[in-house]
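Everything below concerns the one structure shown next.
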2 protein chains.
Amino acid sequence: MTKKEKKDAKQRIYDAALSLFARKGYSAVGCREIAKTANVNISMICYYFGKKVDILKAIINECYDKYYHAVLNIGDENTPPQERVRLIVRKLVEFFRENTGLAMVAFNTLPIDIPEIVDLKIKWMSGKSKATIELYTQLGLDTNDVVKMNVIRGVLTTIILEHFQFRYARKHIMQVTHQSKYIREFLTQEIIPEYNDDFYEQYSEILAELYFHGLNSIVAHNSKP
Amino acid sequence: MTKKEKKDAKQRIYDAALSLFARKGYSAVGCREIAKTANVNISMICYYFGKKVDILKAIINECYDKYYHAVLNIGDENTPPQERVRLIVRKLVEFFRENTGLAMVAFNTLPIDIPEIVDLKIKWMSGKSKATIELYTQLGLDTNDVVKMNVIRGVLTTIILEHFQFRYARKHIMQVTHQSKYIREFLTQEIIPEYNDDFYEQYSEILAELYFHGLNSIVAHNSKP
DNA sequence: GTTTAAAACAAACGATTGTTTAATATGGAG
DNA sequence: CTCCATATTAAACAATCGTTTGTTTTAAAC
């Protein structure tokens, strides 16, 4: 192996782990499986990353870093709210579309019992998106209304991530060699669209519409004091 | 132990597994941990359930069974759409509130590589909710519009489940003995409402509003052919 | 050529895994 | 009391786990 190829070992481990974690979850994937998938010796994992959990941390850090760069400042106070929603939705869809596996690993609620992972996620959550806060203000939403904030907290991210998770899972199921009766039926009945740029342009438009009008409808809704 | 207490061993195993799976995910929980938590001998797990995966299957079956009973027929064609949304949302919130752990385990996308689990979920997914399909029709939504159906597929379930997952995770984090700087900050800044009946009455009302008006806004939206 | 540092390998450690097997305990019926 | 079925236990199996350790290989610098 040339020097270039050697430098790739760390990346291959990272990519293998990412793919496996997305498919099976962190705990179900062992270091030997990662090493085998990456075509490296098992010791390379500790050599390049330290402990297994450090791979997960690297993935989470990459994901959140990308995420915040994608959505940090979308539009400004002069952007009309509806346009701003559209921009935010587009950015989010783009982000999750390009980083489906990454997002699946990093945004997964579990595990919630590994202290350093919980810490890491909470640290990242401190950097809230300025764009969404401004948007709420532009729309006249009372951000001190605890109930409303609970309803809308993370709604867009959740909906879009779930869409891509479902797509990812279905794609994986289609690749399985042995397909049971139910899976065959499921894949037969489902109309699977072509997930091209055109599809996602429309998807984003419709979702932005739904979200914007939904938000608007609750602006004047009076919660009890 | 009396006979009654003996009969409880199976239930204790089930409850222990449910709680642990919800917190850590299926793969991160071992049979010995479940047995210890349930205060039974390790062999009891195979005695009462067979293989470990059969516990997960039992949980998934219970959850989906409850879920479909909760949401199968809510209102009918004569129920005004907005009222029907309200009823559906209330039922869903009620279901997820009372079965948070159960739902977290069963609705979790992962693992997607255990054939029998994938099978089971797909089998359950065949029984779609009649209420939501009727609702779309009532509102004038074109259910053959693939893009729209992709946007709204499972939106309510997703939003509500995510709310309760976040609540669950936060509760767990609060119970951890050692709290890092970030966690302390996080818990200090967050205004945690009292999640009582009143809160969820308002939550449901606001979410129903958001969803109904969102749906209505996309009814007339023309997707490209 | 030698030296050095980095990369890669193989073996091993202590621990844990899901599951099986054989033995024992328990409780109900007769 | 005995008998039988069920519940429970402890030991064990083959396998895997994350990580460490020592050795070898590789590549770059001199």
Side-chain angles (χ1 to χ4, degrees), chain A residues 1-60 105 110-111 113-118 120, chain B residues 1-60 105 110-111 113-118 120:
Chain A
M1 293 219 216
T2 65
K3 191 172 185 181
K4 181 170 188 293
E5 285 164 342
K6 282 177 187 171
K7 279 193 176 174
D8 280 346
K10 181 173 183 179
Q11 189 62 42
R12 289 204 316 275
I13 292 169
Y14 184 87
D15 294 339
L18 177 57
S19 174
L20 290 165
F21 290 166
R23 184 148 71 242
K24 306 183 173 197
Y26 170 74
S27 302
V29 181
C31 292
R32 286 168 177 83
E33 189 177 7
I34 296 170
K36 186 176 174 184
T37 304
N39 194 28
V40 297
N41 183 275
I42 178 70
S43 302
M44 290 296 91
I45 291 176
C46 294
Y47 182 80
Y48 282 113
F49 287 95
K51 297 169 179 295
K52 181 187 166 188
V53 74
D54 293 329
I55 314 180
L56 182 58
K57 281 173 163 180
I59 292 170
I60 290 172
V105 176
L110 301 177
D113 66 328
I114 305 182
E116 53 200 307
I117 297 297
V118 176
L120 190 59
Chain B
M1 292 217 218
T2 66
K3 190 172 183 180
K4 182 172 185 296
E5 285 165 341
K6 281 177 188 173
K7 278 195 179 176
D8 280 345
K10 181 173 182 179
Q11 188 64 42
R12 289 203 317 276
I13 293 168
Y14 183 88
D15 293 340
L18 177 56
S19 174
L20 289 165
F21 290 167
R23 183 147 71 241
K24 305 181 175 198
Y26 170 74
S27 302
V29 180
C31 293
R32 286 170 177 81
E33 189 176 8
I34 296 171
K36 187 175 175 185
T37 304
N39 194 29
V40 296
N41 184 276
I42 178 69
S43 302
M44 289 294 89
I45 290 176
C46 295
Y47 181 81
Y48 282 113
F49 286 96
K51 295 168 181 295
K52 181 186 169 189
V53 75
D54 292 329
I55 312 179
L56 183 57
K57 281 173 164 177
I59 291 170
I60 290 171
V105 177
L110 302 177
D113 67 326
I114 303 181
E116 52 201 306
I117 297 298
V118 176
L120 191 60

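Numbered from 1 within each chain, the chains take letters A, B, ... in sequence-line order. A quick note: this is a predicted structure, and the numbers were derived from the prediction, not measured.
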### Message
Among dA7(D), dT20(D), dC9(C), which nucleotide has an atom closest to any side-chain atom of M44(A)?
### Response
dC9(C)
### Message
Under the criterion side-chain contact (heavy atoms from CB on, under 4.5 Å), I'd like the reasoning laid out for I55(A) against Y48(A): C-alpha separation, chi angles, the key distance, then a yes or no.
### Response
CA-CA 9 Å; I55(A) 314 180; Y48(A) 282 113; over 6 Å; no
#### Entry: Distance, nearest 0.5 Å, that separates CG of D8(A) from CG of N39(A)
12.0 Å
### Task
Provide, to the nearest angstrom, the distance between the OH atom belonging to Y47(A) and the C1' atom belonging to dG22(D).
15 Å
### Message
What is the separation between atom CG on D54(A) and atom P on dG18(D), rounded to the nearest whole Å?
### Response
13 Å
### Query
What is the distance from CD1 of I55(A) to C1' of dT19(D), rounded to the nearest Å?
12 Å
### Task
Determine: side-chain N/O of Y48(A) to OP1/OP2 of dA8(C), distance under 4.0 Å, yes or no.
yes
#### Entry: Gap between atoms NZ and P, on K51(B) and dT17(C) respectively (whole Å)
17 Å
### Query
Any ring pair (Phe, Tyr, Trp, His ring centres under 6.0 Å) pairs touching residues 18-45 of chain B, not counting sequence neighbours?
F21(B)-Y26(B)
### Message
From CZ of R12(B) over to P of dA7(D), roughly how many Å is that when rounded to an integer?
### Response
13 Å
### Query
Backbone N or O of V29(B) within a donor-acceptor pair of the K52(B) side chain at under 3.5 Å?
yes
### Task
Find the distance I13(B):CD1 to dG18(C):C1' and express it as a whole number of Å.
14 Å
### Task
Look at D54(B) together with K51(B) and state whether they make a salt bridge at an N to O cut-off of under 4.0 Å.
no
### Query
Going by the side chain to side chain donor-acceptor pair (under 3.5 Å) test, which pairs reach into residues 27-38 of chain A, not counting sequence neighbours?
K24(A)-E33(A)
### Query
Quick one: K36(B) NZ to dA10(D) C1', roughly how many Å, whole number?
17 Å
What protein N or O atoms touch nucleotides 11-17 of chain D N or O atoms at under 3.5 angstrom, if any, and at what distances?
{"from": "dA12(D)", "atom 1": "N6", "to": "R32(B)", "atom 2": "NH2", "distance (Å)": "3.4"}

## Note on the structure
From CD1 of I45(A) across to P of dC9(C) the rounded distance in Å is 12 Å
